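Residue numbers count from 1 along this sequence. Fair warning: this is a prediction, and the values are worked out from it, not measured in the lab.
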Amino acid sequence: MKKEYVMGNGAIALGALAAGINLVSGYPGTPSSEILETVSKHKQGNVHVEWSVNEKAALELAASASYCGARTLVTMKQVGLNVASDPLMSLAYVGVKGGMVIVSADDPGPISSQTEQDTRMFAQFCRIPVFDPSSPEEAYEMIQDAFTYSEKYKTPVLFRPTTRICHAYASIDIPETTRPKDFDGFVKDSKRWVIFPKLSFQNHAMIEKRNPLIGDDFSTYSGNTVTGTGKKAVFASGVSYAYAKEYLQHHPEVKLCRIATPYPFPEQFVLSCLEGVDDVLCIEELSPFMESELLKLAGKHHLSVNIYGKEAGHIKHSGENSANYIEKVLCDFLQTEPRFAGTDVSDMPELPVRPPVLCAGCPHRASFYAVKKAMTGKKSYFCGDIGCYTLGNAMPLDMVDTCLCMGAGITMAQGFSWMDPDSTCFAFVGDSTFFASGMTGVVNAIYNEANIVLCILDNSTTAMTGHQPHPGTGRNMMGNVVEKVDIKKVLEGMGVKKIVTTNPLDLKNTIDVIRDCANTDGVKAIIFQSPCIALFQSDKKMQISDTCIQCKKCIREIGCPAISIIENKVTINSDLCTGCGLCSQICPVNAIGGEK
């Protein structure tokens, strides 16, 4: 064994490798991305690793590998589970042969997601087990258990870390070597693997009979623990358990019950925890899942116990929990004083507000600005999408009118075009998102003769989630150089007649291209092609000369974080500047120039 200091996502990956995984697939999304990347870095033996084109594809290919008896891991964030939900619902009925664990990393807050979602509710909806780790150390051990349970009950299993588990660090003992599982291959049996209504009917009945048995099995699972004694009990899960444990270590008179396997609910374990208890507080993120299960259990067994939590209004429904917040909740429940009561914090400064912005030199800023200038005075709709370019909504650009989910900007632009034919409708999408979920919307536009301008912001990477490769980058996670999927050729094959490629940092030419496309009927595509500055930086810097008239147009119009006002003078921070030159192209007196 050796000790590794790893991120929670790394612990999940190393635990999966220790479990003998054969295949890992997924789609990048914070807070889950590092899991697959860690597997790729540390795998030994014949383990296939890939970033799939989206979560649906990732789950479907893992399903067939599992049918062969292989152990498979699928990674995504909580909104990615929505994309994978179609095959997941069917897979829950069909079942698996080799262990399959689907990591859906939840993002309470939300910190970097469109929505807050609770994967435990998805598990209940699909009728499949879910594991809920409370620390990186536990995640390492628990994911190995998840594979065991998956194979024992022939079902896919959900694994639900949250952001604070994914991004925490811990020291973990791991084996020096790992070995993929041996498997016997696919055995053809259409009565098992082909999902006809008869099979679904039979398997649904089987699932409903099986799940209470899993709940009983979970009642003896080592991750479900209880400490302390008394008439008050706190039930907690995930990182909230760690917060509660920190405070309650000074209160042994309170039972602290950890639920590591929230579905199927471990009823026998919970009933044993409730013996002699009068009052219960449920601490969890995000939904009142445990609380609802406890209320049902209390009613089912006619228990005289008061249950507090989200439903009762004692804990907030939205947002992530914190150690300080949980301390306040526990103090109210126990009628005790906070540990630092009376400490004067009146002179503590407010934390600085740091809204997310496009990086200095980001080509997306130039793309948005060019469209804005080209369409000045004309009625336009700007439909955004999920990625770095969502930040085009910030002032002074203000170029994202809508943002719903991945790929939606392309189809939403079509809706605007039908309802307001006199407008010009733009759909912005990144290169990675185009492959993940944008192509369907383009086909829909061509088939239904929509009138939109498709703007593909091609920066040659999946930037927001950590610069993962995608089908257009020419490399994959197995370390191979592969044929690039050419976006222009894909558009041509779909039937887009007008396709123009431009470098957005060439402002004048780009504005001319946009105006030309805006005046052309039908589906038009502009590929704004310029690499992400985090991958390719020049040593060029921009400087402001003495001819600057302090009009501040460079600040008012593009909002580059490298340009600011210091001592009443417009200044360019050379540490941030990437020399993109956009500011020099909008300066009315040519006071900004490049410096080698």
Side-chain angles (χ1 to χ4, degrees), residues 28-30 33 110-114 352-375 380 382-403 406 409 426-434 455-468 470 502-507 510-511 514 526-538 540-542 552-565 570-587 592:
T30 306
S33 303
I111 298 170
S112 59
S113 306
Q114 304 96 289
V353 178
R354 298 171 61 185
V357 295
L358 293 169
C359 298
C362 176
H364 297 341
R365 176 179 288 103
S367 301
F368 281 124
Y369 183 72
V371 174
K372 186 174 186 176
K373 297 304 290 184
M375 301 312 295
S380 306
F382 306 118
C383 298
D385 219 298
I386 304 300
C388 290
Y389 39 90
T390 310
L391 302 177
N393 74 315
M395 299 299 287
L397 290 174
D398 191 24
M399 283 294 293
V400 177
D401 294 328
T402 69
C403 184
M406 286 186 71
F426 290 82
F428 296 96
V429 67
D431 44 341
S432 180
T433 305
F434 172 78
C455 299
I456 299 177
L457 308 182
D458 181 3
N459 64 357
S460 302
T461 188
T462 313
M464 179 163 272
T465 53
H467 305 288
Q468 292 81 12
H470 62 67
T502 182
N503 180 355
L505 298 176
D506 182 352
L507 186 59
T510 300
I511 290 174
I514 294 163
I526 305 172
I527 303 174
F528 296 85
Q529 201 168 63
S530 184
C532 174
I533 54 92
L535 298 180
F536 305 98
Q537 290 193 24
S538 74
K540 185 179 178 182
K541 303 291 182 182
M542 306 308 295
K552 301 179 180 60
K553 183 179 181 181
C554 53
I555 291 178
R556 291 196 314 271
E557 299 215 354
I558 60 173
C560 176
I563 309 176
S564 60
I565 299 175
V570 178
T571 304
I572 295 178
N573 185 335
S574 61
D575 291 332
L576 295 177
C577 179
T578 63
C580 74
L582 179 61
C583 55
S584 68
Q585 297 175 70
I586 68 172
C587 179
I592 305 177

Asp385 side chain near Leu457 side chain, heavy-atom distance below 4.5 Å: no
Polar side-chain atom of Asn573 near backbone of Ala562 as donor-acceptor pair, under 3.5 Å: no
Test item: Cys455 and Phe528 side chains (from C-beta on) under 4.5 Å apart, heavy atoms: yes
Any donor-acceptor N/O pair, Thr510 side chain to Asn503 backbone, under 3.5 Å: yes
Candidate pair Val371 and Ile526, rule side chain to side chain contact (heavy atoms under 4.5 Å, CB included), full reasoning: CA-CA 11 Å; Val371 174; Ile526 305 172; over 6 Å; no
Close side-chain approach of Asp431 and Asn459, heavy atoms under 4.5 Å: yes
Student check: side-chain heavy atoms of Glu557 and Pro396 closer than 4.5 Å: no
Note, Ile555 side chain near Ser564 side chain (heavy atom, < 4.5 Å): no
Check: Tyr389/Thr433 side-chain N/O donor and acceptor closer than 3.5 Å: yes
4.5 Å side-chain heavy-atom contact, Met395 and Pro355: no
Phe428 ring center within less than 6.0 Å of Phe368 ring center: yes
Check against side chain to side chain contact (heavy atoms under 4.5 Å, CB included), Val570 and Cys554: CA-CA 9 Å; Val570 178; Cys554 53; 3.7 Å; yes
Under 3.5 Å donor-acceptor, Gln585 side chain and Leu505 backbone: yes
Side chain to side chain, Ile558 and Cys583, heavy atoms closer than 4.5 Å: yes
